Amino acid sequence: MTTPIQGFSKLSKEEKINWIADNYTDNSEATLEILKTYWNEDSVLQKLHDEFIENTISNYYLPFGIAPNFLINNKLYAIPMAIEESSVVAAASKAAKFWLDKGGFKTKVIGTQKIGQVHFIFKGSSEKLQVFIDKIRPILINDSRAITQNMEKRGGGITSIELRDQTKKLDNYYQLHCKFETLDAMGANFINSCLEQFAATLKRESHNYELFSEDERQIDVVMSILSNYVPDCLVRAEVSCPIDDLEVEQSVSPKEFAEKMVRAVKIANVEPYRAVTHNKGIMNGIDAVVLATGNDFRAVEAGIHAYAAKDGSYRSLTHASLEDDIFKFWIEVPLALGTVGGLTSLHPLVHLALEILQKPSARELMQIVAVAGLAQNFAAIRSLVTTGIQQGHMKMHLLNILNQMSATEDEKKTLIAHFRKNAATHSAVVEALQNLRSNL
Ligand code: MEV
C-alpha cells in the first residue's frame, strides 16, 4: 500500500512524476513517456502552463475547433469551441448554416448584475441591525475605495448593499446581499475583495456602535463570497422564421417538424429527466465556448442549472412557439463572463479565441455563448425528432472507433465512404474493418 506523502508540492516536476509513476502506475517508463509527450517544447509556454495550477505534471489537450457562419445581430462570427465530444462542433456549424439565410440569431443582454454576500450571525434586534447597516453603508463603500476606484472610473462598481434577514431559515443568520457591475471582467476577485473589506468594516463598526448591547457587538462573520447564481446577469438569444421555411428533412413537412420541435421543448419543460439531457445538450455549446474563451465553466454550469430550477422544478432553458405561422425558438440564460483578466491575456489560445471573436466585450460574449447554446439545442432536437441522434453522432464518432482499432489512413478512407451509405453502429464498424482486413 502507498503511504501519504509530505511536501509533494515542493518536489520538482521530475520528482513528482517519478513518485506518481512508482506509486500509482504499472509502468514507470510508459507513464513518463505519456506525460512528456504532452509537454510543450517551448519552455516559456510550458512554464506558463505549469504555473496555472499547483503540481502540474503535464498538459491535458482538448480539441480547439471552429463553428463558422454564425450570423448574430447581422454580424458574422466564427465561434471557437474547446470540446472533446465528436459531434458538437459539427452540430453547431450545421445549425449556424441553417439559420444563416433566415435572418440569423437575434440577441439581447437583459442584465449584467452580479451578486456577492457576507454571511454573518447576529444575536440581537433585527430592527437595530437594519438601522446600523443603513448608517454604515457609506462607510462600507468608502472603506473599499482602494478596490473599487479603477472599476468606478470605467463605469462599474458596487451598485447596492442590502441587509437580508434570513433568521426564519437559520437562527440569527443575516446577510449583506450586495450587487456589482463588473463590466468586461468576470469580477470574482473584485467582488470577493470588496466583500472581505465589507466584512472587516462590519465587524469594526459593530464594536464601536453605541446603540448595540455587548452581545450585539459580537457580529460573527461566517464567510464572504460571490454567488455563482446570477439570475440578473441574463441574456436572451432567439431565432425565428415562417414555418414554411423549416425544410429540414424530406421525410417530414415543415409544419410537422415545427410541431415536433415545439412538443419536444414542452416535454423538456415539464419533465425533469428529459430537461436535464435537453439542457446538457445546450451546455455542450455553452461550455465549449466558455472554455475556449478562458472563462470559468464550473461557475457557468452551476449558475445555469440553478436558473433552470428557479421555480422549484428543473426545466428547459429553451422555449419554442408557433404563432401566426411563425416558428420562434429562444433561450434565456444567466452568464457571468469576462473578456479581460483571468486567463484572457495569459493563455495564448484563449487570447486567439477572443481575437477570432473580434475582441468582444463581456456583453457581446454573453450573446455569442447564448447563441452557441441555442444552436446546439436546435441541432440536437432537430436530429432527435427526425432521424434520431445516433445517425449524426455515430458518423462523427466513426473516426474515434477507427482510431481505437488503429485503422490506417487508407482503411479510414474506405470505411468513411462505406458508412456514408450505411448505419454506423459500433459493431458494424468493427465488422466492416475486420472484413476489410481479411479481404486483403
Ligand atoms: C448529447 O451530448 C446531447 C443530447 O443528448 C442532447 C439532447 O438530448 O437534447 C443529444
Side-chain angles (χ1 to χ4, degrees), residues 62-67 70 79-99 105 237-239 246 248-249 251-252 256-292 297-298 300-302 304-305 307-309 313-321 327-333 335 369-401 404 423-426 429:
L62 278 183
F64 180 83
I66 294 288
F70 271 94
I79 302 189
M81 300 177 105
I83 188 151
E84 87 300 343
E85 191 173 324
S86 328
S87 52
V88 169
V89 176
S93 309
K94 193 169 165 188
K97 202 155 166 216
F98 181 84
W99 288 104
F105 296 80
E238 180 185 305
V239 283
L246 288 170
V248 290
E249 301 285 336
S251 58
V252 50
E256 221 179 318
F257 172 70
E259 283 167 355
K260 281 177 175 230
M261 285 286 299
V262 171
R263 219 174 297 139
V265 175
K266 277 194 180 145
I267 289 172
N269 207 39
V270 297
E271 210 316 280
Y273 280 93
R274 173 58 201 148
V276 170
T277 317
H278 176 97
N279 289 349
K280 186 274 181 187
I282 294 170
M283 299 316 292
N284 279 343
I286 290 184
D287 280 343
V289 189
V290 168
L291 200 53
F297 62 91
R298 287 86 56 209
V300 166
E301 282 274 351
I304 288 184
H305 293 300
Y307 187 76
S313 180
Y314 189 89
R315 296 184 190 285
S316 165
L317 293 161
T318 53
H319 311 275
S321 69
F327 169 75
K328 208 185 263 185
F329 185 50
W330 71 99
I331 189 169
E332 262 181 31
V333 266
L335 283 167
V369 170
V371 164
L374 185 68
Q376 209 65 45
N377 189 229
F378 180 79
I381 304 181
R382 171 183 170 163
S383 297
L384 286 168
V385 302
T386 56
T387 58
I389 205 73
Q390 283 307 82
Q391 193 186 86
H393 184 75
M394 290 309 287
K395 209 162 95 192
M396 295 309 301
H397 192 54
L398 177 59
L399 273 178
N400 287 344
I401 304 174
Q404 261 166 24
T425 63
H426 191 277
V429 177

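Note that this is a predicted model, so its numbers are computed, not measured. In each ligand, atom 1 is the first atom listed, and ligand 1 is the first ligand listed.
- The backbone N or O of R315 lies less than 3.5 Å from a partner atom in the side chain of N279, making a donor-acceptor pair.
- T318 is listed as a side-chain neighbour of F329, based on a closest heavy-atom distance under 4.5 Å.
- Which parts of ligand 1 touch K280 is read off a 4.0 Å heavy-atom cut-off, strictly below it: atoms 1 (C), 2 (O).
- The heavy atom nearest to atom 8 (O) of ligand 1, considering only M283, H278, R274, is found in R274.
- The protein atom (non-hydrogen) at minimum distance from atom 5 (O) of ligand 1 is T277 CG2, 3.5 Å.
- Counting heavy atoms under 4.0 Å from ligand 1, residue N377 does not touch it at all.
- Formation of a donor-acceptor pair under 3.5 Å by the E238 side chain with backbone atoms of K328 is not found in this model.
- A275 pairs by the side chain to side chain contact (heavy atoms under 4.5 Å, CB included) definition with Y314, not counting sequence neighbours.
- Of all the heavy atoms of L384, the ones lying under 4.0 Å from any atom of ligand 1 belong exclusively to the side chain.
- Residue-level proximity to ligand 1 for I389 is carried by the side chain, the only part with a heavy atom below 4.0 angstrom.
- In this structure, the side chain of E271 engages the main chain of R274 through a donor-acceptor pair within 3.5 Å.
- Checked against ring pair (Phe, Tyr, Trp, His ring centres under 6.0 Å), F98 has the following partners two or more places apart in sequence or in another chain: F378.
- The protein non-hydrogen atom at the shortest distance from atom 3 (C) of ligand 1 is N284 ND2, 3.6 Å.
- Closest to atom 1 (C) of ligand 1, if we only count protein heavy atoms, is E85 OE2, 3.5 Å.
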